[in-house]
Enquirer: 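Dropping the structure in here first, questions after.
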Amino acid sequence: MRRRRAGGRTMVERASKFVLVVAGSACFMLILYQYAGPGLSLGAPGGRAPPDDLDLFPTPDPHYEKKYYFPVRELERSLRFDMKGDDVIVFLHIQKTGGTTFGRHLVQNVRLEVPCDCRPGQKKCTCYRPNRRETWLFSRFSTGWSCGLHADWTELTNCVPGVLDRRDPAALRTPRKFYYITLLRDPVSRYLSEWRHVQRGATWKTSLHMCDGRTPTPEELPPCYEGTDWSGCTLQEFMDCPYNLANNRQVRMLADLSLVGCYNLSFIPEGKRAQLLLESAKKNLRGMAFFGLTEFQRKTQYLFERTFNLKFIRPFMQYNSTRAGGVEVDEDTIRRIEELNDLDVQLYDYAKDLFQQRYQYKRQLERREQRLKSREERLLHRAKEALPREDAEEPGRVPTEDYMSHIIEKW
């Protein structure tokens, strides 16, 4: 009896150990999946692309309160972009808005019939149409700074057609259609990021600032520093320069500067000039085919894809750790930056509301279409089930359209 009990106890112990090993292995695999799985499924740069049916985009906030009224035509942005035709996307790249990352997305991360040819060691990629050797993208990483370094709206709209006509003279037979796009960023973060960039030696002094057929005179646009660059400047020095183009940069680069005499500050009174610039920037932003916000990468990706009917291979990543984020400033300094960029603050507030409304409108429209499609599929399935058995079994006999419509109406 003792031997049997001992043997039974041994079997129980072995079974218990086996169960513990299996449970431990399962827990380990679960923990491993939690850490490794999401990275694999979402597709980090260089990794696998996410499945087409995976919803990567945030749910619209049902409690979002609209600040401005926009008619439906301002919210709808479903363009018939014809890459095989004569359509061209023009990227207006404003400094320190995340434009470099977005520009690389355009040439390296869009799922295309004929991908852009990006070769190691070369700054530009060749982005030809699928049916001919002609570019469909005007940007830093495709055509270079063909209209000047960080050309603004005034420069691009007057320069791009001529540049492309010289590059592709065969296309002169038919007029091109230009789709302008850009990115905006929170004005305080953008301003601090530009200061840090200038502090490291950046100048953008080769920018043309072309307006009404000429560049500004030294009297119209004096430099903020002496020497080759402004490296090492303090934030206070950066803010104290009255000619600093970082002030209200986003409004200036999106407005039609011809309306205010370009860089001639004595052309009209300061207050009227500021109002004209802001209203012009808002108008041009609304008229653009697309704009995104640096602070909302996934929503930016979503709106671009739905606007141009193009898909990105890998999802956009939201990088909250930036050079501007590492700068510690007090409340007085923040208020001073907001005062210097008052027009940009107003524009960003306006743009953010339009951006959120467009996102909500698109998502709601898409979900409504999905519900209608699901309902039609259910009705069709029920209609098939409602067919008489002899009709369903008889070979070669297909229900007529009127009969199917009658069944669906019944349901």
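Heavy atoms only: backbone and side chains are in, while hydrogens, waters and symmetry mates are out. Keep in mind that what you see is a predicted model, and the values were worked out from it rather than measured.
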Enquirer: State whether the side chain of S280 and the backbone N or O of D256 hold a donor-acceptor pair below 3.5 Å, judged by distance alone.
Expert: yes
Enquirer: Going by distance alone, is a donor N or O of one side chain under 3.5 Å from an acceptor N or O of the other, for Y180 and N284?
Expert: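 Looking only at side-chain atoms, N284 and Y180 do not form any donor-acceptor pair under 3.5 Å.
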Enquirer: Please confirm whether Y359 and F355 have ring centers closer than 6.0 angstrom.
Expert: no
Enquirer: Would you call E194 and K96 a salt bridge, using N to O less than 4.0 angstrom?
Expert: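 No, no charged N to carboxylate O under 4.0 Å.
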Enquirer: Would you check if the distance from the ring center of W204 to the ring center of H197 is below 6.0 Å?
Expert: yes
Enquirer: Tell me, with the steps shown, if E270 and R273 meet side chain to side chain contact (heavy atoms under 4.5 Å, CB included).
Expert: CA-CA 5 Å; E270 182 180 357; R273 175 186 174 87; 5.6 Å; no
Enquirer: Examine distances only and state if a side-chain atom of T217 and a backbone atom of E220 form a donor-acceptor pair shorter than 3.5 Å.
Expert: yes
Enquirer: Using a strict 4.0 Å threshold on nitrogen-to-oxygen distance, state whether D168 and R133 make a salt bridge.
Expert: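 Salt bridge: no.
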Enquirer: Is a side-chain N or O of T215 found less than 3.5 angstrom from the main chain of L208, in a donor-acceptor match?
Expert: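 No, because the side chain of T215 does not come within donor-acceptor range (under 3.5 Å) of the backbone of L208.
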Enquirer: Is it the case that the side chain of D152 and the backbone of E155 share a donor-acceptor pair, with hydrogens and angles ignored and the cut-off at 3.5 Å?
Expert: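 Confirmed, D152 side chain pairs with E155 backbone.
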Enquirer: Let me confirm one number: the CG-CD distance from L310 to E305, rounded to the nearest 0.5 Å.
Expert: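 So the gap between those two atoms works out to 8.5 Å.
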Enquirer: Looking only at the side chains, is there a donor atom on one of Y348 and Q250 sitting less than 3.5 Å from an acceptor on the other?
Expert: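 No - no donor-acceptor pair under 3.5 Å links their side chains.
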Enquirer: Taking the six-membered ring for Trp, are F308 and Y179 parallel (under 30°), tilted (30 to 60°) or perpendicular (over 60°)?
Expert: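 Judged by the thresholds at 30° and 60°, the geometry between F308 and Y179 is perpendicular.
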Enquirer: Determine yes or no for a side-chain-to-main-chain donor-acceptor pair under 3.5 angstrom, with S142 supplying the side chain and C127 the backbone.
Expert: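 A pair under 3.5 Å: no.
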Enquirer: Does the SG of C125 lie under 2.5 Å from the SG of C116?
Expert: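 Cysteines C116 and C125 do not qualify as a disulfide pair, their SG atoms being 2.5 Å or more apart.
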Enquirer: Under 3.5 Å, is there a donor-acceptor pair between the D86 and T174 side chains?
Expert: yes
Enquirer: May I ask you to check whether over 12 heavy atoms, not counting those of Y243, lie within 6.0 Å of atom OH?
Expert: no
Enquirer: Between the main-chain N or O of R306 and the side-chain N or O of R77, is there a donor-acceptor pair closer than 3.5 Å?
Expert: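 Between the backbone of R306 and the side chain of R77 there is no qualifying donor-acceptor contact (under 3.5 Å).
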Enquirer: Tell me whether R196 forms a cation-pi arrangement with W230, defined as NZ or CZ under 6.0 Å from the six-membered ring centre and within 45 degrees of its axis.
Expert: no
Enquirer: Check for a donor-acceptor pair, side chain of D87 on one end and backbone N or O of D82 on the other, with a separation under 3.5 Å.
Expert: yes
Enquirer: With the threshold set at 4.0 Å, does a side-chain nitrogen-carboxylate oxygen contact exist between R335 and E339?
Expert: no
Enquirer: Under a 4.0 Å N-O cut-off, is there an ion pair linking E377 with R382?
Expert: no
Enquirer: Could you state the interatomic distance from CG (L92) to SG (C147), rounded to the nearest 0.5 Å?
Expert: 10.5 Å
Enquirer: Do Y64 and D353 have side-chain atoms, one donor and one acceptor, less than 3.5 Å apart?
Expert: yes
Enquirer: When you look at E113 and K84, which way does the side chain to side chain contact (heavy atoms under 4.5 Å, CB included) test go after all the steps?
Expert: CA-CA 10 Å; E113 183 179 337; K84 294 183 179 180; 3.4 Å; yes
Enquirer: Rounded to the nearest 0.5 Å, what separates atom CZ in R252 from atom CG in L277?
Expert: 10.0 Å
Enquirer: Are the charged groups of K67 and D349 less than 4.0 angstrom apart, N to O?
Expert: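 Salt bridge flag = yes for D349 with K67.
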Enquirer: Answer yes or no: does atom NZ of K66 have more than 12 heavy-atom neighbours from other residues, nucleotides or ligands under 6.0 Å?
Expert: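 Result for NZ/K66: open.
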Enquirer: Just by distance, no angles: are the side chains of K282 and Q346 close enough, under 3.5 Å, to form a donor-acceptor pair?
Expert: no
Enquirer: Say whether Q301 and Q297, considering side chains only, have a donor N or O and an acceptor N or O under 3.5 Å apart.
Expert: no
Enquirer: Before you tell me yes or no, could you show the steps for E134 and R167 under side chain to side chain contact (heavy atoms under 4.5 Å, CB included), namely the whole-Å CA-CA distance, both residues' side-chain angles and the distance that decides it to 0.1 Å?
Expert: CA-CA 8 Å; E134 180 184 310; R167 286 172 58 97; over 6 Å; no
Enquirer: Report yes if the distance between the aromatic ring centroids of W136 and Y128 is under 6.0 Å, otherwise no.
Expert: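 For W136 and Y128, the ring centres are not under 6.0 Å apart.
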Enquirer: Is the backbone of R185 close enough, under 3.5 Å, to the side chain of T97 for a donor and an acceptor to pair up by distance?
Expert: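 Such a contact is absent between T97 side chain and R185 backbone.
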Enquirer: Can you confirm whether the side chains of Y191 and N247 place a donor and an acceptor under 3.5 Å from each other?
Expert: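 Their side chains do contain a donor-acceptor pair, which is all the 3.5 Å distance test asks for.
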Enquirer: Decide yes or no for D344 and L184: does some side-chain heavy atom of the first lie under 4.5 Å from some side-chain heavy atom of the second?
Expert: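 Not touching, per the 4.5 Å side-chain cut-off.
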Enquirer: If I take atom CG from residue L276 and atom CZ from residue F267, how far apart are they, to the nearest 0.5 angstrom?
Expert: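 Answer for the CG-CZ pair, L276 versus F267, is 10.0 Å.
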Enquirer: Hey, are K352 and E295 close enough for a salt bridge, meaning a charged N less than 4.0 Å from a carboxylate O?
Expert: no
Enquirer: Between D117 and R119 (salt bridge meaning N to carboxylate O under 4.0 Å), is one present in this structure?
Expert: yes
Enquirer: With under 30° as parallel and over 60° as perpendicular, where do the rings of F91 and H93 fit, or are they tilted in between?
Expert: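 F91 and H93: parallel rings.
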Enquirer: Tell me whether D330 contacts the main-chain N or O of T333 through its side chain, where contact means a donor paired with an acceptor under 3.5 Å.
Expert: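 Yes.
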Enquirer: Let me confirm one number: the CG-CG distance from L340 to N248, rounded to the nearest 0.5 Å.
Expert: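 Rounded to the nearest 0.5 Å, the CG-CG separation comes to 8.0 Å.
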Enquirer: Pick one: which of R363, R358, K362, E366 meets side-chain hydrogen bond (donor to acceptor under 3.5 Å, both in side chains) with Y302?
Expert: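 By the side-chain hydrogen bond (donor to acceptor under 3.5 Å, both in side chains) criterion, Y302 pairs with just one of R363, R358, K362, E366: E366.
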Enquirer: In Å, rounded to the nearest 0.5 Å, how long is the span from CZ of R336 to CD of E331?
Expert: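 One finds 16.0 Å between CZ of R336 and CD of E331.
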Enquirer: Report the C-alpha separation of F304 and L106 in whole Å, then their side-chain angles, then the decisive distance to 0.1 Å, and conclude whether the side chain to side chain contact (heavy atoms under 4.5 Å, CB included) test is met.
Expert: CA-CA 11 Å; F304 181 91; L106 293 177; 3.7 Å; yes
Enquirer: Quick one: does N244's side chain have a donor or acceptor within less than 3.5 Å of a partner on F238's backbone?
Expert: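 Yes; judged by distance alone, with no hydrogens or angles, the pair exists.
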